[in-house]
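Hydrogens, waters and symmetry mates are skipped; everything else that's a heavy atom, side chains included, is used. In listed order, ligands and their atoms are each counted from 1.
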Amino acid sequence: MKNGGAGFSRRAFLGAGAALGAMAVVAPSRTGFARVPAPFVPTRTLTLASGEAELRLLGPDKPATAIYAYDGEPFRQIRVPRGTRLEATYLNGLDEGSSLHFHGIRMPNEYDGVPPLTQPLVQPGGRFVHRLPLDDPGTFFFHPHCDETGQAGRGLVGALIVEDPRDPHFDVDEVLCLKDWRLADDGGFLELSEPDGASKAGTFGGTRTVNGVPVAEIAVPAGGDARLRILNVDSTRIMDIGVEGAQAWLIAVDGHALPPILLDELPDGIWRMGPAQRIDIHVRMPLKGGPVTVGDYRAADIYHFATLRADGKRARKPGKEPHDKGEPGKGAPDKGALALPRPELPFPEIETAELHSFTLQQATDAAVKNLGLPPDDPLAKALVASFCVGATTYWSIGQISWSTGNRLGLPPPLAVMQEGRSYRIEIKNETRYPHPIHLHGHAFYVISSSKGRLPQHFADTVLVQPGEAVEIAFVAAPGDWVFHCHILEHMETGMMGWFRVI
Ligand code: C2O
Ligand code: CU
C-alpha cells in the first residue's frame with residue numbers, strides 16, 4: 001500500500017490504476033448507480049527523468065549553469081489532448097530524494113506526489129508511476145514536492161498543456177515559463193534560501209528568464225490571434241503581467257477558462273500573479289504598427305519578457321470559429337476576444353457550504369508547539385524518513401505550522417471534510433507579505449476578495465494580499481490534500497497544512 005498507513009480505502013479503489021482494473025470488474029453494480037471506476041487504460045505513456053542539464057543563463061560567452069531539468073530539457077513541455085489517460089513514470093536521477101507533483105490536476109489522491117502524505121519519497125534511482133485522467137483542459141505544470149527550494153529553484157519544472165479540440169483557432173500558441181535564477185559569476189548557484197528571505201518576502205533571483213532565455217521573440221501573422229500561456233514557475237516572485245501595443249484579454253486562470261476580460265479593464269491594466277499561478281492571454285496582433293510587448297510591471301525595473309512581431313503573413317480569413325463575431329474580410333481588430341469553452345468543473349453550493357476560516361500568520365511559539373501525530377504513527381515515521389521539510393519555522397496557517405527540521409511530526413489536518421460536499425474557505429492574511437495559496441487536487445471557485453480585487457473564477461492557487469481576506473469554495477474530492485503557500489520557502493518553513501476528505 002503506497003498511501004502510508006491509510007489502509008485499503010475506497011479512494012484508493014476509486015483511484016486505482018490498471019493493477020486494480022480486475023477488481024473493478026468483480027465489484028457488482030447493485031443499484032445500477034454504483035460508481036464502479038472504469039479501469040485505467042493509458043492512452044499516453046511517458047517517463048520523466050530528473051537530472052542535470054546545462055543552460056547558458058548568464059549569457060552566450062559566460063559560464064554555463066548546471067540546472068535541473070526533466071529529460072535534460074529545460075522547462076520540458078508535454079502537450080496532450082483532453083481526455084488523455086496519462087501514465088507518467090517519474091525516474092529520480094538526482095542524488096537526493098524527490099517526487100513528482102502535477103500541479104492543478106484533479107486526480108486520484110495516491111498520484112498527487114506529496115511525500116510523506118500520499119506516497120513515500122522517491123529515492124535516488126527510484127521511480128513512481130502516476131496515473132492521471134486529464135479531463136480538464138488547460139495550462140498546468142509539474143514539479144517536485146520535496147526540497148522544492150533546491151530542486152524547482154534549480155529549474156526542475158515542466159509545463160503540461162491539456163489541449164481542447166473545441167478551442168477556437170489561434171494562429172500561435174506559446175508557452176512562456178517565467179523563472180529567475182540566483183547565480184554567482186561562475187554560473188553556479190547562490191544559496192537558494194536565506195533566512196531573511198524565507199522569513200519575509202522570499203529569496204529572489206537576479207537573472208530573469210522566460211523559457212530559460214532573456215526574451216521570447218514570437219512571430220504572429222498581422223491581425224492574427226496569439227494565445228500566450230504564461231506560467232509563473234518562480235520560487236518567490238510575484239509578477240504584474242501586462243501587454244503593450246495590442247488588445248489583449250485574460251481568457252483563462254490556472255488553466256480554467258473565464259469569460260474574457262480586457263486586460264485594460266483590470267485594475268492597473270495588469271494581472272497579478274504569484275508563484276505557481278498561470279494565465280492564458282489572447283493577444284490580437286494589430287494589422288500594422290510596432291511590436292507588441294508583454295512584461296512584468298511590478299518592479300520599477302520593468303521586465304519585458306516577450307515581443308510579438310508581425311511575421312509578414314496575414315492572418316487567415318476568420319469566419320469558421322464559433323466565437324467569431326467579426327465580419328469576414330473586415331479588419332481583424334474589430335473582432336471580440338476568442339473565448340474558450342466554459343470549464344466543466346464541479347460547482348460548489350456556495351450558499352449551503354460549510355465555512356472554515358484560516359489565518360496566515362508569522363509563526364509564534366504557540367503555533368509551533370508540537371501538535372503532531374504520535375511518533376509511532378506510520379505517517380509520522382514516513383515524515384521523519386523524508387527530507388521534505390525545512391529547518392526552521394517562520395509561518396503558520398490557522399495557528400498550525402507544517403513540521404520543520406527540529407519539530408518532525410505530521411500536524412493534524414486543518415479540517416476533516418466529506419467527499420462530495422461543498423466547503424467555503426476564508427483565507428485571511430495577517431502578515432506583511434502576499435501569499436499565493438494553493439490547494440492540491442481541486443479547482444476551487446474564487447468567490448470574493450475583501451479588497452474587491454478579483455473577478456470570480458476557477459483556480460488552484462489564489463494570491464492573498466497583506467490585510468486581505470479571500471474566499472474560495474469547492475466540492476471536496478476524497479484524499480489527503482495539502483494546502484500551502486507556493487512561495488517555496490514559505491511552504492518549507494511552516495505555511496502548509498492539509499485537508500482530509502473522507
Ligand atoms: Cu505546485 Cu504543492 O504544489
Ligand atoms: Cu507565502
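- Listed for the Arg278 side chain is a donor-acceptor partner under 3.5 Å among the backbone atoms of Thr139.
- For the pair Thr207 (side chain) and Asp180 (backbone), a donor-acceptor distance under 3.5 Å is absent.
- Taking 2.8 Å as the threshold, His486 does not count as a candidate ligand of the Cu ion (ligand 2), since none of its N, O or S atoms lies below it.
- Note: Phe140 and Phe102 fail the aromatic proximity criterion, with ring centroids not under 6.0 Å apart.
- Ring pair Phe458/His256 is perpendicular by interplanar angle, where above 60° counts as perpendicular and below 30° as parallel.
- Between NE2 of His143 and NE2 of His486, the angle at atom 1 (Cu) of ligand 1 works out to 110°, rounded to 10 degrees.
- Contact annotation: His438 places no N, O or S atom under 2.8 Å from atom 2 (Cu) of ligand 1.
- The Cu ion (ligand 2) is closest to atom ND1 of His490 (considering only N, O or S atoms).
- Residue contact annotation: His103 places an N/O/S atom under 2.8 Å from atom 1 (Cu) of ligand 1.
- Within the 6.0 Å centre-distance limit, the rings of Phe170 and His282 are counted as a close aromatic pair.
- Considering atom 2 (Cu) of ligand 1 as centre, the angle to NE2 of His145 and to NE2 of His440 is 100° (10° rounding).
- Aromatic ring centres of His484 and His490: separated by at least 6.0 Å.
- Atom ND1 is the N/O/S atom of His435 found closest to the Cu ion (ligand 2).
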